[in-house]
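These notes are about the structure you will find just below.
These figures come from a predicted structure and were not determined experimentally. Below, read A as the first sequence line, B as the second, and so on, with proteins coming before strands; counting in each chain starts at 1.
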There are 2 protein chains.
Amino acid sequence: MFDLKKTILIYGLSLAVLVFLLEYFEYRYFVHELSTEVFVFLIAIIFTGLGLWAGKKLTNQTKIEPPPFEQNEKAIRYLKISERELEVLELVAQGLSNKQISDKLFVSVNTTKTHLSHLYEKLDVKRRTQAVEKAKSLKIIE
Amino acid sequence: MFDLKKTILIYGLSLAVLVFLLEYFEYRYFVHELSTEVFVFLIAIIFTGLGLWAGKKLTNQTKIEPPPFEQNEKAIRYLKISERELEVLELVAQGLSNKQISDKLFVSVNTTKTHLSHLYEKLDVKRRTQAVEKAKSLKIIE
DNA sequence: ACGGTAATCACCCGAAAGTATGATTTTGCA
DNA sequence: TGCAAAATCATACTTTCGGGTGATTACCGT
């Protein structure tokens with residue numbers, strides 16, 4: 001949007017300058033040396049280019065944006081989910097077992113289970129699959 | 001891509017026709033009635049329009065498509081996942097327990113477990129969470 | 001009529017997950 | 001410094017899952 005004014009301005013200026021230059025040179029040099037046909041052709045080319053350029057500028061505010069995952073920090077804070085709990089949650093979402101998670105985080109299975117219990121309470125769910133579902137819908141995890 | 005040739009063709013034809021018309025009328029009517037300045041202005045406007053149009057045609061192959069979930073039928077067929085198994089898979093993905101799934105489908109827990117076993121085998125996973133993960137990545141489920 | 005596949009169910013057993021409770025240590029912050 | 005939250009671990013118990021095996025029924029196409 002902020003580009004629109006600039007684009008229009010540049011386009012207008014270009015047009016004005018061109019008209020001025022053409023008008024200026026027209027009677028003095030070109031008309032007598034170049035045929036009107038060629039002159040018209042040049043004008044056509046130039047303004048086609050300008051049209052293309054302006055069109056591109058005016059429409060290219062449709063930039064393809066691959067939806068970047070934005071973690072819902074607010075939800076995390078609101079639910080008081082701790083850093084460690086989040087780590088566990090992410091690993092659960094990857095389909096890892098409690099044992100595998102524990103090995104990755106260098107803690108005992110008991111610790112992992114404790115984190116999970118707290119997570120279930122905070123997310124108000126009963127099972128890991130539900131936790132993953134809910135966490136994804138809340139954009140707590142990807 | 002298939003539009004490109006058409007666009008160029010139309011553009012070229014328009015240009016040719018215009019040049020021809022201009023050349024034709026130039027000496028007969030306009031030049032003596034309209035000033036060259038106005039004439040140039042008209043050409044500029046016309047070809048700006050053409051440039052805009054061509055530019056739009058040439059760049060508008062970027063259609064914003066809101067990714068509609070398309071179930072990967074091929075994968076389902078390739079993996080030989082049956083209808084019933086798919087139902088179970090979807091319910092698992094919703095975080096339901098085997099018991100809950102069984103109640104929904106009016107079958108015994110054993111049946112649900114059998115379906116799940118087959119699913120794990122076909123999806124080459126060990127746990128329900130992994131199955132959900134994989135099924136989603138294969139676009140077998142949403 | 002036969003063979004294959006899908007769906008259904010049962011039983012058993014071990015592994016994994018989840019619950020409850022309590023304890024210790026670490027850490028961040030007032 | 002001291003307190004609260006977070007992280008860690010343990011023990012014990014229940015529930016759920018998952019694997020293995022086998023059986024019955026039904027449907028579908030040859």
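Residue B/His118 has no polar side-chain atom (N or O) positioned under 4.0 Å from OP1 or OP2 of C/dA6. Using a 4.0 Å cut-off, some side-chain N or O of B/Ser82 falls inside it from OP1 or OP2 of C/dA7. Not one side-chain nitrogen or oxygen of A/Arg127 sits closer than 4.0 Å to the OP1 or OP2 atom of C/dG18. For the OP1/OP2 pair of D/dG19 and a distance below 4.0 Å, the side-chain nitrogens and oxygens of B/Tyr120 include no atom meeting the criterion.
Nucleic acid contact for A/Asn98: sugar-phosphate only, since backbone atoms but no base atoms lie under 4.0 Å from a heavy atom of the residue.
At whole-Å resolution of the value, CZ in A/Phe106 and P in D/dC9 are 12 Å apart. When the C1' atom of D/dT8 is taken as reference, atom CG of A/Leu105 falls 12 Å away, rounded to whole Å. Atom CD1 in A/Ile101 sits about 14 Å away from atom P in D/dC9, given to the nearest Å. Between B/Glu87 atom CD and C/dA7 atom P there is a gap of 9 Å when expressed in whole angstrom units. What separates NZ of A/Lys99 from P of C/dA17 is a distance of 11 Å, to the nearest Å.
Ranked by how close their nearest DNA chain C nucleotide is to the 5' end, B/Val107 and B/Lys80 are led by B/Lys80. A residue-by-residue look at B/Asn110 and B/Glu83 shows that B/Glu83 has its nearest nucleotide of DNA chain C further toward the 5' end.
A/Val109 and A/Leu116 fall into different hydrophobic clusters, where Ile, Leu, Val, Met, Phe, Trp and Tyr residues are linked whenever their side-chain heavy atoms come under 4.5 Å apart, directly or through other members.
For B/Ser97 against D/dC17, no side-chain N or O and base N or O form a donor-acceptor pair under 3.5 Å.
Distance from the side chain of A/Ser108 is smallest for D/dA10 among the nucleotides D/dA12, D/dA10, C/dT8.
Judged by distance alone, the side chain of B/Gln100 and the main-chain N or O of B/Leu96 form no donor-acceptor pair under 3.5 Å.
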Stepwise side-chain contact (heavy atoms from CB on, under 4.5 Å) test for A/Leu138 and A/Leu123: CA-CA 10 Å; A/Leu138 290 176; A/Leu123 288 172; 4.3 Å; yes

